A.B. asks: 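So that we are looking at the same thing, I have put the structure below in structure tokens.
When reading the values below, keep in mind they use all heavy atoms of this one structure, side chains included, and skip hydrogens, waters and symmetry mates. Proteins come first, then strands; the chains are lettered A, B, ... in the order of their sequence lines, and each starts at number 1. Quick caveat, the model's predicted, so the values are computed rather than measured.
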Amino acid sequence: GAVVSQHPSWVICKSGTSVKIECRSLDFQATTMFWYRQFPKQSLMLMATSNEGSKATYEQGVEKDKFLINHASLTLSTLTVTSAHPEDSSFYICSARDSATNTEAFFGQGTRLTVV
Amino acid sequence: LAKTTQPISMDSYEGQEVNITCSHNNIATNDYITWYQQFPSQGPRFIIQGYKTKVTNEVASLFIPADRKSSTLSLPRVSLSDTAVYYCLVGDKRGDDKIIFGKGTRLHILP
């Protein structure tokens, strides 16, 4: 079946540094990908919609200058958490649908970010 | 975007059938109903999707009444490994349609 892969699975970084998370659709093309953040015992919260070849669309309250999204190809979107702080520590998940078939959405395995 | 309402949590026992109901009173004509399962520290995993009546796959069944204002996910003979959070989502199948999660149902299977 279709697979969405995230890298890395976990990362620990120091406050003030930036971290990049990659999301790849392995066997399909996705013109749109979605980025979520999930805190413990809570649901997934949509952060932004990543659009191939154009700017991302951010949800209300999400700082676009802090969470940089790039969707340079039909199989890769990246989320960069800039100047990370401990409150950015969370579980980040990406999702994508096959643009050709518009079937169900597939989710990456998630990235656990810990900022120390 | 249709909003969904599910029970916050449910307990059941191994071997039992578990039914989780989701309300989506404002579902639109083009909306599909999709259920996902999520284990701790993992991304959600697709379970089943339907538009109307009944859908069955190797994992679950999805029952949708004629008015489509609710749906029921049925898990036959659950095991301990079915302990997870289950999310009911309603939306268009277009690739760019936002996928908004509700609070989900935390299912706990007891031995």
A.B. asks: Check for a donor-acceptor pair, side chain of A:H71 on one end and backbone N or O of A:A30 on the other, with a separation under 3.5 Å.
C.D. replies: yes

A.B. asks: Sort by residue number and list every member of residues 45-57 of chain B having a non-hydrogen atom under 4.5 Å from chain A.
C.D. replies: B:F46, B:Q49

A.B. asks: Side chain, backbone, both or neither: which part of A:L44 has a non-hydrogen atom closer than 4.5 Å to chain B?
C.D. replies: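 For A:L44, the contact with chain B is made by backbone and side chain together.
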
A.B. asks: Answer yes or no: is there an ion pair linking A:D88 with A:K66, defined by an N-O contact shorter than 4.0 Å?
C.D. replies: yes

A.B. asks: Does A:L26, at its CG atom, have more than 12 non-hydrogen atoms belonging to other residues, nucleotides or ligands within less than 6.0 Å?
C.D. replies: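 Enclosed: over 12 neighbouring heavy atoms sit under 6.0 Å from CG of A:L26.
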
A.B. asks: Would you please say whether a donor-acceptor pair under 3.5 Å links the side chains of A:T82 and A:T80?
C.D. replies: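 Side-chain D/A pair, A:T82 to A:T80: absent.
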
A.B. asks: Side chain, backbone, both or neither: which part of B:Y36 has a heavy atom under 4.5 Å from chain A?
C.D. replies: side chain

A.B. asks: Can you tell which of B:G43, B:P40, B:P44 has the highest number of heavy-atom pairs within less than 4.5 Å of chain A?
C.D. replies: B:P44

A.B. asks: Tell me whether A:R97 contacts the main-chain N or O of A:T31 through its side chain, where contact means a donor paired with an acceptor under 3.5 Å.
C.D. replies: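 A pair under 3.5 Å: no.
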
A.B. asks: For the pair B:Q6 and B:W35, evaluate side-chain contact (heavy atoms from CB on, under 4.5 Å) and give the outcome as yes or no after the intermediate values.
C.D. replies: CA-CA 12 Å; B:Q6 305 173 231; B:W35 286 79; 3.7 Å; yes

A.B. asks: Using residues 106-116 of chain A as the side-chain source, report each donor-acceptor pair under 3.5 Å to any protein atom, sequence neighbours left out, with the distance given to one decimal.
C.D. replies:
| unit_1 | atom_1 | unit_2 | atom_2 | d |
| --- | --- | --- | --- | --- |
| A:Q109 | OE1 | A:Q6 | N | 2.9 |
| A:Q109 | NE2 | A:Q6 | O | 2.8 |
| A:T111 | OG1 | A:Q6 | NE2 | 3.0 |
| A:T111 | OG1 | A:P8 | O | 2.6 |
| A:R112 | NH2 | B:S41 | OG | 3.1 |

